[in-house]
Protein chains: 2
Amino acid sequence: MDITFTREQMLWNHKGHQARGKGKSMAEKPARERKRGSGAQYVYEVLREEILDLILPPGSPIDENQLAERLSMSRTPIREALVRLAGEGLVTPLPNRSTVVSNIDFLSLHTFFDALTLMYRVTTRLAGEYHTPADLQIIRSRQADFARSVERQDALEMIATNREFHAAIAEAGRNVYFTNLFCRLLDEGQRILRLYYSSFNDQLPQRYVVEHEQMIAAIEARDINICDRLAKAHADQIVSQIQSMISRGVAHTIPL
Amino acid sequence: MDITFTREQMLWNHKGHQARGKGKSMAEKPARERKRGSGAQYVYEVLREEILDLILPPGSPIDENQLAERLSMSRTPIREALVRLAGEGLVTPLPNRSTVVSNIDFLSLHTFFDALTLMYRVTTRLAGEYHTPADLQIIRSRQADFARSVERQDALEMIATNREFHAAIAEAGRNVYFTNLFCRLLDEGQRILRLYYSSFNDQLPQRYVVEHEQMIAAIEARDINICDRLAKAHADQIVSQIQSMISRGVAHTIPL
DNA sequence: TGTATAATTTTTGTCGACAAAATAGTTTGC
DNA sequence: GCAAACTATTTTGTCGACAAAAATTATACA
């Protein structure tokens, strides 16, 4: 039940929407004069964003030569970026064949939801325990960003700002192991949500804003039990929304 | 409070004990005639093992040229392996300077223990939920290996077989996210335990054997509450042993 | 003698090239 | 007309080379 795309759909996505987003120029970068050592990092960031935004849809092959030409550098830093992305599971290298963007395995979603829920709980709990005033300030700022995108009914931005909000909470919990896993899960979740983002414009986001506020209050009060309960409720809410999106089956980025 | 080594200690470790273990030849590999595409994988495995066994101690720099010569291949596959290891946190790349084996951060050990304990619990719990008879067979086999190494009082083998036992339980839980994190934590734990393995020959391992048996029984009975409780007790036991080892401060691989 | 500067060596990050594998395309046989 | 075998092209994995950066050594100067 992996999601797959025909070659036409892939090309549609890739060519047609390649240069949208944060005003990237077609030439993609002035070419020469990059800082030494920043090459692979840059490729990594570009690819990561395109994968999470589904500009590179699941299953699509990544052509090293083409990328090298587009970003005007040699294949070496591109390969390094691909190895890193493979380590994070965003990309799957097929031996002696092209590397492809990892598929979204809908059959193992319960596994994903289990991990996501537990990480919601444990990071919020730890944030209640270890946060500093500076952390709270950042968290509140992220929450303001999220509320603004809900105001605007911008589903895509909601997904991104929601991610940043919870990532900030995780940071306040000060456990790299949990933060790393949680961010990986949030990334994976972003890919799934992007598939269904047109369903994201209902009454639920407003509820999320309220729940976020409650979580902030619980964190500030350092009441880890309430943190845990709120996080679990929030996670369950999100999980059931994703599940209902999937069962309704309105994937947005598989058009035509 | 990161652990550091003088250059002499590093050389002692590296040169003196490099070729011990599973009968690796000094030449390290027949050189030519490797399968295409296996190069980086091989380097990865060699480095990983040497890092976990502290043959390459924390903080020691990894010389790409030297490695390339030792394994008789070019720097390209070596760099790929290093990127992968960096992704797993076993190695830390210093920009424009050599990559070093990641330090063990004793100041953040509580963070490590938190994550380890939670993963012990959740993987055992999930194993109770999702295991198959085949899983149980593997788990029992790993437990037999562990019991044998306790019998032999071989502390180094205890560490390895204990790792495999719990990894098998995690596999039975069928959640890649948890399994991945757990294995990373077990690897990190292996490095710490190796530092103190001489303290590992007391009465505790026998107790671990018993606790393992109880966990197997709970998994087989599919009683996830007992699974959870036993896993927590087991984790607490191990954590407190490591803490007492550290407070006693008898590091074995920092000799002379 | 000690310290700051300059020259030298070592090491990393990137590049272009090449051979093994796989893919695509063409020819041959039935 | 279709399938199998062969050829050509594309693409990956690896290599050696080179330049930028850092580390090391040598030199100048107080």
Side-chain angles (χ1 to χ4, degrees), chain A residues 4-8 10-11 14 28-47 56 59-87 91-102, chain B residues 4-8 10-11 14 28-47 56 59-87 91-102:
Chain A
T4 53
F5 291 77
T6 67
R7 178 150 274 275
E8 290 73 40
M10 280 158 25
L11 289 176
H14 189 57
E28 195 74 47
K29 195 78 187 188
R32 293 293 138 226
E33 285 337 308
R34 241 177 307 103
K35 268 175 251 158
R36 175 190 160 91
S38 70
Q41 177 66 21
Y42 177 66
V43 181
Y44 169 82
E45 286 164 8
V46 169
L47 276 180
L56 292 173
S60 65
I62 298 176
D63 188 306
E64 296 178 8
N65 294 313
Q66 188 177 314
L67 245 183
E69 190 177 9
R70 172 152 82 94
L71 305 184
S72 51
M73 58 180 72
S74 96
R75 276 174 53 222
T76 307
I78 274 123
R79 292 194 113 243
E80 181 176 329
L82 288 178
V83 171
R84 275 213 265 164
L85 290 167
V91 123
T92 308
L94 310 175
N96 282 321
R97 227 156 315 121
S98 77
T99 299
V100 300
V101 178
S102 296
Chain B
T4 53
F5 291 77
T6 67
R7 177 150 275 273
E8 290 72 38
M10 278 157 26
L11 288 179
H14 188 55
E28 195 72 51
K29 195 77 188 188
R32 294 292 139 224
E33 286 334 311
R34 241 177 308 100
K35 268 176 249 158
R36 175 189 161 92
S38 71
Q41 177 66 21
Y42 177 66
V43 181
Y44 169 81
E45 285 164 8
V46 168
L47 277 181
L56 292 173
S60 64
I62 297 177
D63 189 307
E64 296 179 5
N65 293 314
Q66 187 177 315
L67 245 182
E69 190 177 7
R70 173 151 82 94
L71 305 185
S72 54
M73 58 182 72
S74 96
R75 277 175 52 224
T76 307
I78 274 128
R79 292 194 112 242
E80 181 177 328
L82 287 178
V83 171
R84 275 213 264 162
L85 290 167
V91 124
T92 307
L94 310 176
N96 281 323
R97 227 154 320 123
S98 76
T99 300
V100 300
V101 177
S102 296

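Numbered from 1 within each chain, the chains take letters A, B, ... in sequence-line order.
Residue-level contact check: B:Thr99 touches neither bases nor backbone, having no heavy atom under 4.0 Å from any strand. At the heavy-atom level, B:Asp63 lies under 4.0 Å from the strands shown only through sugar-phosphate atoms.
Map B:Thr76 and B:Glu64 each onto its nearest nucleotide of DNA chain C; the residue landing nearer the 5' end is B:Glu64. Checking B:Pro95 against B:Pro77, the closest nucleotide of DNA chain D that is more toward the 5' end is the one next to B:Pro77.
Taking side-chain N and O atoms only, A:Ser74 has a distance below 4.0 Å to OP1 or OP2 of C:dC15.
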_Between B:Leu67 and B:Glu64, does the side chain to side chain contact (heavy atoms under 4.5 Å, CB included) criterion hold? Intermediate values first, please._
CA-CA 5 Å; B:Leu67 245 182; B:Glu64 296 179 5; 5.8 Å; no
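Protein atom CD of B:Gln41 is 11 Å distant from nucleotide atom P of D:dT14, rounded to whole Å. Atoms CG (A:Asn96) and P (C:dT23) sit 9 Å apart, rounded to a whole Å. Taking atom CZ of B:Arg75 as the reference point, atom C1' of C:dG16 lies 15 Å away to the nearest angstrom. What separates CD1 of A:Ile78 from C1' of D:dT14 is a distance of 17 Å, to the nearest Å. Atoms CD (A:Glu80) and P (D:dT12) sit 17 Å apart, rounded to a whole Å. The distance between atom CE of A:Met73 and atom P of C:dC15, rounded to the nearest whole Å, is 7 Å. Note: CZ (A:Arg97) to P (C:dA24) measures 11 Å, nearest angstrom. What separates CG of B:Leu82 from P of C:dT11 is a distance of 15 Å, to the nearest Å.
Between the CZ atom of B:Arg97 and the OG1 atom of B:Thr92 there is a distance of 12.5 Å, given to the nearest 0.5 Å. In this structure, the separation between CG on B:Asp63 and CD on B:Glu69 is 10.0 Å, given to the nearest 0.5 Å.
Side-chain contact between B:Leu47 and B:Ile78: absent, with no pair of heavy atoms (C-beta onward) separated by less than 4.5 Å.
A donor-acceptor contact under 3.5 Å is not formed by the side chain of B:Arg36 with the base of D:dT14.
Other residues, nucleotides and ligands contribute more than 12 heavy atoms inside 6.0 Å of the CD atom of A:Glu45.
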